[in-house]
Amino acid sequence: MANRWGLRGKSTLTLLLACLVALIPALLIGWQVIDEVRRHFAGAYAEQYTRLQMQQIRAPLARELALSRRLANSVVTREWLEAPHDPERRTRFFEEAEGFRQQFGSTTYFVIDHARGDYYLGDSPNGSATSPRHRLSTASAQDAWYFATMGSSASYTIEVTDDPPLERPMIRVGVKVRDGDRLLGLAGGGLDLQHFLDRFIRDSAPGMTPMLVDPRGVLQAHPEQARMALGTTVNPFDDTSGQRIQSLVDDEAQREAVRRALQHALRSPGDIVTLDVDMAGEPRLLSVGYLPELQWLLATALDLEAAPLLNSRWFWPLVTTLVLVLATLMAVFAYATHRLILAPLDRLKHSARAIADGDFATRLPTERRDEIGELSLAFSHMAHQVEQHTQQLEEKVRQRTLDLQRANTEMVAARRQVDASLEYASIIQRAILPARQLSDHLPEHHAVLWQPRDQVGGDFYVFRAADRGYLMGVIDCAGHGVPGSLMTMLARAIIDHAILRVGIDDPAAILNETDRQNRATLHRDTLPRSIATNMDVGLVWVEPAAGRLTFAGAKMSLHASDGEQLEVHPGGKRPLGHKRPMTYRNQVMPLKRGWTHVLSTDGFLDQAGGEHGFGFGTRRFESMLRRHARAPLAQQIAAFEAELERYRGEHPQRDDITLLCFRFDMTDTEETAWTS
């Protein structure tokens with residue numbers, strides 16, 4: 001019907017009436033407080049803007065200082081200043097200095113030889129800096145800055161200069177070059193003063209007039225170039241000249257206030273001084289801060305009419321009034337909402353709860369002729385549909401429950417078969433490990449941590465004994481679980497065949513032959529990209545009688561420590577089976593008595609843990625080896641396992657872990673018995 005109000009119309013009309021009631025008093029008082037509110041925030045805005053501008057001025061200076069430090073601290077710079085006539089050092093320095101010249105803001109650098117007073121200036125890439133541009137003298141007034149700088153305790157200097165060697169106004173940044181306590185000279189660069197000031201003035205915000213003045217108030221930078229006094233002589237007591245900040249202020253009392261503000265900012269570099277002044281008949285908020293790096297002050301004049309700022313003693317009355325208006329609005333709207341929406345919905349809620357309890361015969365309140373009445377009719381139809389679907393679902397649930405029970409029974413039986421197969425595979429894999437041979441030949445001189453991620457894994461270790469010594473090694477095949485265990489079987493067969501072909505006492509030859517057979521057996525071109533056939537291998541041939549050890553590795557290192565020192569002998573950078581083959585080479589070294597030697601797969605180092613879930617890491621691993629190097633080998637393995645478990649915490653094991661330790665600290669009699 002045309003005259004029927006819907007629920008949306010009723011609520012919209014009520015909210016509109018409430019807003020009108022609330023806005024009338026707000027409009028009556030708003031015009032009285034807006035100007036005062038603007039002024040309230042003007043001081044804070046001006047102060048923050050001034051601080052921001054000071055930081056923007058400091059930023060390029062900080063960059064130039066960092067570049068100057070690098071130039072002054074360069075070994076090439078020090079070596080040349082120690083022997084400036086050495087042609088090789090001279091050439092090397094100017095080649096490096098050319099790179100610094102291109103980075104400085106002014107594309108200019110300078111270097112001063114302190115011993116001779118030679119001033120070198122690099123301002124072009126044609127090599128003109130190789131000859132001194134000027135020779136400094138203590139008798140020259142224009143050179144006094146240098147001797148004052150070198151006589152001070154500061155390590156660097158930042159100053160504005162228009163010295164003749166620079167040929168243009170610059171902000172010069174110089175850093176002392178030292179060799180210990182001995183001064184070698186001064187080096188650095190700088191910024192073109194005009195470009196620096198132009199960028200500073202150009203970036204001013206609307207309503208803001210930024211200015212740079214010296215401690216006397218003389219204008220060094222101003223949007224009106226005619227007011228700038230750089231390079232000119234200004235009477236420090238003449239407030240009527242247009243080149244002093246005091247001359248911009250109309251009143252004599254305000255000029256004195258400006259002078260006091262400058263002095264306060266000079267005494268307190270971290271403070272921003274703010275005061276109200278009149279400039280050209282217009283009110284301005286003047287903020288002043290000191291820049292010690294330039295020995296200048298930054299002053300900003302804020303036009304209160306142009307800047308969108310708020311400030312006033314009317315703030316709290318305004319807040320109180322707005323709160324009262326909002327409370328009135330909320331009360332009116334809440335009452336209307338309850339009468340028009342919440343009460344009918346509450347009756348609908350009780351009817352819906354009855355339906356939820358299974359009483360589908362409950363009658364819903366459908367007598368209203370608005371959206372809630374339409375919602376009740378739709379809900380009644382839905383209740384009828386729900387009743388039908390509930391009956392159908394109950395039958396489906398009963399049937400699905402029976403199906404799930406049958407599927408669960410089948411899945412349990414299949415899981416038993418899988419577990420039995422994995423247990424059998426684990427027994428087979430353990431059978432290829434030379435644990436008994438190691439115990440028979442080196443009972444007190446070895447220890448092994450073999451910890452696959454699953455029941456079976458892709459890590460294993462090898463051991464062979466001969467008349468002259470022993471071959472030991474650790475192999476990490478790509479993958480883990482069942483695929484990894486199958487790779488270990490294939491890898492073991494390939495390594496055994498390689499040992500038969502090249503002998504037991506040449507680890508590098510074994511690696512190269514294994515790599516060749518691996519590529520011949522597993523053709524990478526015919527395998528999917530998702531299947532990896534790489535192997536990380538570390539092999540050690542130990543000859544106790546000769547006191548010699550031969551190591552070769554493929555992406556695996558040999559660690560050795562006596563508790564105080566730690567030696568790391570890296571293997572080849574690529575694993576066996578890598579797409580880019582390499583030739584592996586032996587590392588022959590003395591067999592150090594009492595030193596613990598360790599071969600480990602990357603599963604130990606990559607194990608996630610700690611507070612952030614990072615890997616165990618090389619540094620923590622090497623520190624652990626050094627701490628436990630003197631303990632019995634069995635205790636070392638137990639300590640390694642405990643430390644890894646503590647670090648892992650709640651994180652799951654990420655990869656298979658294998659770690660083989662051996663140590664020879666026998667007497668000569670025992671060695672003779674072994675080799676006989």
Side-chain angles (χ1 to χ4, degrees), residues 61 64-65 67-69 71-74 77-78 80-86 89-90 93-94 97-98 100-101 104-124 126-179 181-197 212 214-216 218 220 228-236 291-296:
L61 292 177
E64 297 300 308
L65 179 57
L67 286 172
S68 299
R69 287 186 189 277
L71 176 60
N73 295 332
S74 171
T77 303
R78 291 201 303 270
W80 175 65
L81 289 177
E82 289 174 349
H85 297 299
D86 186 326
R89 295 186 180 185
R90 184 183 187 88
F93 166 75
F94 285 109
E98 175 59 21
F100 280 95
R101 185 192 68 79
F104 282 117
S106 61
T107 63
T108 302
Y109 72 91
F110 72 92
V111 179
I112 300 176
D113 184 352
H114 186 65
R116 297 164 182 79
D118 289 339
Y119 187 112
Y120 294 85
L121 180 65
D123 55 358
S124 64
N126 58 12
S128 61
T130 56
S131 299
R133 189 70 63 89
H134 176 64
R135 175 156 289 183
L136 303 178
S137 172
T138 55
S140 175
Q142 72 176 21
D143 300 336
W145 68 271
Y146 171 74
F147 298 101
T149 299
M150 301 305 283
S152 69
S153 59
S155 63
Y156 70 93
T157 179
I158 300 178
E159 58 184 359
V160 178
T161 180
D162 56 352
D163 290 345
L166 295 176
E167 299 177 352
R168 63 184 187 272
M170 299 278 292
I171 300 178
R172 177 171 51 204
V173 181
V175 178
K176 293 179 180 178
V177 183
R178 295 178 178 272
D179 182 12
D181 295 332
R182 184 164 63 98
L183 288 173
L184 298 179
L186 191 70
L191 293 168
D192 187 282
L193 182 61
Q194 190 60 46
H195 292 169
F196 177 80
L197 296 179
L212 284 174
D214 68 6
R216 301 173 302 170
V218 177
Q220 304 296 326
M228 295 173 55
L230 185 64
T232 64
T233 302
V234 178
N235 186 348
L291 292 166
E293 299 86 347
L294 291 174
Q295 297 183 356
W296 286 352

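All heavy atoms count here, side chains included; hydrogens, waters and symmetry mates do not. The first residue in the sequence is number 1, and the count goes up from there.
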* How many angstroms lie between CG in Asp143 and OG1 in Thr138, if you round to the nearest 0.5 Å? -> 9.0 Å
* At what distance, to the nearest 0.5 angstrom, does CG of Leu183 lie from NZ of Lys176? -> 6.0 Å
* Asked: Which residues satisfy the side-chain hydrogen bond (donor to acceptor under 3.5 Å, both in side chains) test with Arg116, sequence neighbours excluded?
  -> Asp113
* To do: Take Arg89 and Glu82, measure what side chain to side chain contact (heavy atoms under 4.5 Å, CB included) needs, and give me the verdict at the end.
  => CA-CA 9 Å; Arg89 295 186 180 185; Glu82 289 174 349; 4.1 Å; yes
* Check side chain to side chain contact (heavy atoms under 4.5 Å, CB included) between Ala187 and all other residues, then give those that pass, not counting sequence neighbours. => Leu71, Ala72, Val111, Val177
* Residue pair Asp86 / Trp80, side-chain heavy-atom distance below 4.5 Å -> no
* **Reported CG-to-CG distance for the pair Leu186 and Leu81, which is rounded to 0.5 angstrom** => 10.0 Å
* Close side-chain approach of Gln142 to His134, heavy-atom, < 4.5 Å -> yes
* Interatomic distance, Ile171 atom CD1 to Ile158 atom CD1 [nearest 0.5 angstrom] -> 9.0 Å
* Rounded distance (nearest 0.5 Å) linking atom OG of Ser140 with atom CZ of Phe147 -> 8.5 Å
* Yes or no on side chain to side chain contact (heavy atoms under 4.5 Å, CB included) for Glu64 and Phe104, after CA distance, side-chain angles and deciding distance? -> CA-CA 6 Å; Glu64 297 300 308; Phe104 282 117; 3.0 Å; yes
* Asked: Got a salt bridge between Asp123 and Arg101, using NZ or NE/NH1/NH2 to carboxylate O under 4.0 Å?
  -> no
* Output, in order, the C-alpha distance, side-chain angles, deciding distance and verdict of side chain to side chain contact (heavy atoms under 4.5 Å, CB included) for Leu191 and Ser106. => CA-CA 5 Å; Leu191 293 168; Ser106 61; 5.6 Å; no
* Asked: Are any of the side-chain heavy atoms of Leu291 and Leu212 separated by less than 4.5 Å?
  -> yes
* Who are the side-chain hydrogen bond (donor to acceptor under 3.5 Å, both in side chains) partners of Arg135, not counting sequence neighbours? -> Asp118
* **Heavy atoms from other residues, nucleotides or ligands near OH of Tyr156 exceed 12 (cutoff 6.0 Å)** => no
* **Nearest-0.5 Å distance that lies between atom NE2 in His114 and atom CE in Met150** => 5.0 Å
* side chain to side chain contact (heavy atoms under 4.5 Å, CB included) between Phe94 and Tyr120: does it pass, once the steps are laid out? -> CA-CA 10 Å; Phe94 285 109; Tyr120 294 85; 4.1 Å; yes
* Asked: Would you call the rings of Tyr119 and Phe110 parallel, tilted or perpendicular, where under 30° means parallel and over 60° means perpendicular?
  -> parallel
* Which atoms form the tightest heavy-atom contact between Ser68 and Gly188, and what is the distance? -> OG-CA, 3.4 Å
